[in-house]
2 protein chains.
Amino acid sequence: MLSIGDLSKRTGVKVPTIRYYEQMGLLTAAERSEGNQRRYERHDLERLAFIRHARDLGLDISAIRELIALSQHPHQPCGNVDRIASDHLKSVRDKIEKLKKLEQELERIVSHCDGDHAIEDCYVIRSLSDHGLCDGEH
Amino acid sequence: MLSIGDLSKRTGVKVPTIRYYEQMGLLTAAERSEGNQRRYERHDLERLAFIRHARDLGLDISAIRELIALSQHPHQPCGNVDRIASDHLKSVRDKIEKLKKLEQELERIVSHCDGDHAIEDCYVIRSLSDHGLCDGEH
DNA sequence: TAGATATCTCCAGAGACTATAGGTTTGGAG
DNA sequence: CTCCAAACCTATAGTCTCTGGAGATATCTA
């Protein structure tokens, strides 16, 4: 039986975050000690590791909730599991694309500025003031 | 004199967002009509366009506040302006790097799954459960 | 058994909005 | 001029995923 602090140390998930996950229904409410403190077992540790891993991969709480629900039916086909992961992959790719465009635009703006002239002439400020100086369509 | 709705239409910033920017100190409190409605002029339009553009580039409110403050001193050197923009560019690049790692990991996980076997055997679920199946160090 | 550490619950804050409720002003048509 | 719909006002709460604090209680170690 692990205390919430033990669980925290073993998974790297902070104590308040563990309570938060319980509140959000990702972790089932833990057993309690006589003094009302949470006590965990191996399967809680595994579940929390699963959650942490999924969060590290950027999945949101509701997706994780769904994955957990699906994993409770081990004999069903995994189409929905695949869909959740694939959708997420797509959204990661979309984000990368957007950020790359930003990167280019910022690069272009910053490259015009040596940091050593008057603000009124600064290309960074002028670009922000005047969309006409931009390349793309954002 | 523009109403808040006019300003919204011209800049593409939603009405409640304009009020929010005022509250956050990005826009100076607008003049009011007799009936207490906000009335804007050209320079407010320009300021808001500046803010929108900076937000589109991903700068956060506090960075924008700083840029506005700096732009009020047009004769000072623009080193700080350059620093803000460069720092942001760096953070965008960092985000891209992180997302690319995620992309690879997700790609690898998803590629093992055809969406058509039992959940208990699904590589997606197994990967999430067992960090040992991962490539990287996240 | 005392004191230090860990835990409990509840609440607030972060960031950047967005939405709702309930009330007032404005602008155009008749 | 009057009426009504649309736009506006304020204040408040909700989004999402935590994180931190206050004040009280439990557990562990010496």
Side-chain angles (χ1 to χ4, degrees), chain A residues 1-27 29-40 44 48 50-68 84 87-88 91-92 95 98-99 102 138, chain B residues 1-27 29-40 44 47-48 50-68 84 87-88 91-92 95 98 102 138:
Chain A
M1 301 293 265
L2 302 168
S3 72
I4 197 169
D6 297 333
L7 196 64
S8 170
K9 269 169 219 143
R10 296 235 210 158
T11 57
V13 177
K14 289 185 182 157
V15 168
T17 306
I18 296 174
R19 291 196 275 250
Y20 170 73
Y21 287 158
E22 180 183 312
Q23 204 187 323
M24 293 298 100
L26 297 188
L27 292 171
E31 286 178 60
R32 299 295 178 119
S33 70
E34 280 191 14
N36 196 38
Q37 299 192 355
R38 291 170 178 82
R39 289 298 115 102
Y40 296 94
D44 297 306
L48 185 54
F50 179 100
I51 294 167
R52 169 140 164 76
H53 197 179
R55 285 294 299 133
D56 283 349
L57 290 172
L59 289 153
D60 63 20
I61 301 286
S62 71
I64 296 173
R65 200 170 5 231
E66 212 176 329
L67 286 174
I68 289 171
I84 291 170
D87 284 356
H88 183 56
S91 91
V92 167
K95 266 184 210 150
K98 278 190 193 142
L99 285 172
L102 276 191
H138 59 265
Chain B
M1 299 295 264
L2 303 168
S3 72
I4 197 169
D6 297 332
L7 197 64
S8 170
K9 269 169 220 143
R10 297 236 209 156
T11 57
V13 177
K14 289 182 183 157
V15 168
T17 306
I18 296 174
R19 290 196 275 250
Y20 171 73
Y21 287 159
E22 179 182 314
Q23 206 186 322
M24 292 298 101
L26 297 188
L27 292 171
E31 284 177 61
R32 298 296 179 119
S33 71
E34 279 190 15
N36 197 36
Q37 299 192 357
R38 290 171 179 80
R39 289 298 115 102
Y40 296 95
D44 297 305
R47 165 77 64 94
L48 185 54
F50 179 100
I51 294 167
R52 170 143 164 73
H53 196 177
R55 285 294 300 131
D56 283 349
L57 290 173
L59 288 154
D60 62 22
I61 300 286
S62 71
I64 297 172
R65 197 169 8 229
E66 212 176 329
L67 286 174
I68 289 171
I84 291 170
D87 284 356
H88 183 57
S91 91
V92 167
K95 266 184 208 149
K98 280 192 190 140
L102 277 190
H138 59 266

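Side-chain atoms are counted along with the backbone in the values below, which use heavy atoms only and exclude waters and symmetry mates. Letters A, B, ... are given to chains in the order of the sequence lines, protein chains preceding strands, and every chain is numbered from 1. Just so it is clear, the model here is predicted, and its values are computed rather than measured.
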Checklist entry - Nearest-Å distance, CD1 (B/Ile4) to C1' (C/dT24)? => result 15 Å
Next on the checklist: How close do B/Val13 and B/Arg52 get, counting heavy atoms only, and between which atoms?
Outcome noted: CG2-CD, 3.3 Å
What are the atom names and distances for every N/O pair under 3.5 Å that joins the protein to nucleotides 25-28 of chain D?
{"residue": "D/dT27", "atom": "OP1", "partner": "A/Ser33", "partner atom": "OG", "Å": "2.8"}
{"residue": "D/dT27", "atom": "OP1", "partner": "A/Gly35", "partner atom": "N", "Å": "3.1"}

Next on the checklist: So, using side-chain hydrogen bond (donor to acceptor under 3.5 Å, both in side chains) as the criterion, who are the partners of A/Arg19 when residues are at least two apart?
Outcome noted: none
Item to check | Residue pair A/Leu27 / A/Asp44: nearest heavy atoms and the distance that separates them | outcome: CD2-O, 4.4 Å
Checklist entry - Can you list the residues that meet the side-chain hydrogen bond (donor to acceptor under 3.5 Å, both in side chains) rule with A/Glu31, with sequence neighbours excluded? => result none
Next on the checklist: If I take atom CD in residue A/Gln23 and atom C1' in nucleotide D/dT19, what distance separates them, rounded to the nearest angstrom?
Outcome noted: 13 Å
Next on the checklist: Using whole Å, what does the distance between atom P of nucleotide D/dC8 and atom CE of B/Met1 come to?
Outcome noted: 14 Å
Hey, what are the protein-to-nucleotides 3-5 of chain D N/O distances that come in under 3.5 Å?
none

Checklist entry - Can you pull the side chain to side chain donor-acceptor pair (under 3.5 Å) pairs that have at least one residue in residues 1-12 of chain B, sequence neighbours excluded? => result B/Ser3-B/Asp6
Checklist entry - Which heavy-atom pair separates B/Leu26 from B/Ile68 by the least distance, and what is that distance? => result O-CD1, 3.6 Å
Pairwise N/O distances under 3.5 Å, protein to nucleotides 19-21 of chain C:
none

Checklist entry - Does A/Arg38 put a side-chain nitrogen or oxygen below 4.0 Å from OP1 or OP2 of C/dT7? => result no
Item to check | Partners meeting salt bridge (Lys or Arg N to Asp or Glu O under 4.0 Å) with B/Asp60 (sequence neighbours left out) | outcome: none
Item to check | d(CD1, B/Ile64; C1', C/dA16) in whole Å | outcome: 10 Å
Next on the checklist: Tell me every residue that passes side-chain hydrogen bond (donor to acceptor under 3.5 Å, both in side chains) with B/Ser91, counting only those two or more places apart in sequence or in another chain.
Outcome noted: none
Checklist entry - For DNA chain D, whose closest nucleotide is more 5', that of B/Arg32 or that of B/Lys9? => result B/Lys9
Checklist entry - If only atom types and distance count, is the side chain of B/His88 paired as donor or acceptor with the main-chain N or O of B/Leu57 below 3.5 Å? => result yes
Report each atom pair, protein N/O against N/O of nucleotides 15-18 of chain D, whose distance is under 3.5 angstrom.
{"residue": "D/dT17", "atom": "OP1", "partner": "A/Ile61", "partner atom": "N", "Å": "3.3"}
{"residue": "D/dT17", "atom": "O3'", "partner": "A/Arg55", "partner atom": "NH2", "Å": "3.3"}
{"residue": "D/dC18", "atom": "OP2", "partner": "A/Tyr21", "partner atom": "OH", "Å": "3.0"}
{"residue": "D/dC18", "atom": "OP2", "partner": "A/Arg55", "partner atom": "NE", "Å": "2.5"}

Item to check | Contacts of B/Lys14 that satisfy side chain to side chain contact (heavy atoms under 4.5 Å, CB included) - sequence neighbours left out | outcome: B/Pro16, B/Thr17
Checklist entry - If every non-hydrogen atom of A/Arg39 is compared with every non-hydrogen atom of A/Ala30, which pair is closest and at what distance? => result O-CB, 3.9 Å
Checklist entry - With sequence neighbours excluded, what pairs up with B/Lys98 under the side chain to side chain contact (heavy atoms under 4.5 Å, CB included) test? => result none
Checklist entry - Listed by chain and number, what are the side-chain hydrogen bond (donor to acceptor under 3.5 Å, both in side chains) partners of B/Arg65, not counting sequence neighbours? => result none
